[in-house]
Amino acid sequence: GAVSGLLFFWFWMEPGTVIVTGGAGYVGSHTVRHLCDANVHVVVVDNIESGHRAAVDSRAEFRMLDLKDRHALTECFMEVKPVAVIDFAAYCDVGVSQQ
């Protein structure tokens with residue numbers, strides 16, 4: 001599936017950290033678990049509006065921040081220096097998510 005394809009791609013990348021936005025949601029949390037199983041260092045960025053902190057794999061680093069806060073997000077990226085970003089951040093209501 002998509003996760004196995006993602007993990008295959010990971011092995012061709014340089015080692016480093018992957019940021020997963022929306023990593024406390026259903027799909028994001030499963031992806032985080034698979035990445036952690038593959039010994040990838042993961043930083044989850046989520047505001048927990050529709051996700052659950054308990055869903056985040058304990059092996060992943062968690063940062064609660066809102067993606068609309070550009071300053072905080074910029075600081076996070078400058079500190080983490082990710083080699084990849086996987087974006088699952090969205091609202092459950094498609095109309096709200098597209099605003």
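For the pair Leu65 and Glu75, the minimum side-chain heavy-atom distance is 4.5 Å or more. Side-chain contact between Leu35 and Ile86: present, with at least one pair of heavy atoms (C-beta onward) separated by less than 4.5 Å. The side-chain heavy atoms of Phe77 and Val85, taken from C-beta on, include a pair separated by under 4.5 Å. Inter-residue side-chain proximity for Leu73 and Lys68 is flagged as unmet; no heavy-atom pair is nearer than 4.5 Å. Contact of the Cys36 side chain with the Asp57 side chain is registered, since non-hydrogen atoms from C-beta on lie closer than 4.5 Å.
Residues Val20 and Val27 are members of one and the same hydrophobic cluster, defined by side-chain heavy-atom contacts under 4.5 angstrom among Ile, Leu, Val, Met, Phe, Trp and Tyr. Connection of Val42 to Val56 is established within a shared hydrophobic cluster, with ILVMFWY side chains joined at heavy-atom distances below 4.5 Å, either directly or through further cluster members. One hydrophobic cluster, built from ILVMFWY side chains closer than 4.5 Å, holds both Val32 and Phe88. The hydrophobic clustering, which links ILVMFWY residues whose side-chain heavy atoms are closer than 4.5 Å, places Leu67 and Val80 together. Cluster annotation: Tyr26 and Val44 are assigned to the same hydrophobic cluster (Ile/Leu/Val/Met/Phe/Trp/Tyr, side-chain heavy-atom contacts under 4.5 Å, transitive).
The side-chain contact (heavy atoms from CB on, under 4.5 Å) with Thr17 is formed by just one residue from the set Val83, Val43, Val40; it is Val43.
Electrostatic pairing of Glu61 and Arg63 counts as a salt bridge here, judged by a charged N lying under 4.0 Å from a carboxylate O. Between Asp46 and Arg53 no salt bridge is recorded (no basic side-chain N to carboxylate O distance below 4.0 Å).
Nearest heavy atom pair, residue Ser50 against residue Ala90, reads OG-O, 3.9 Å.
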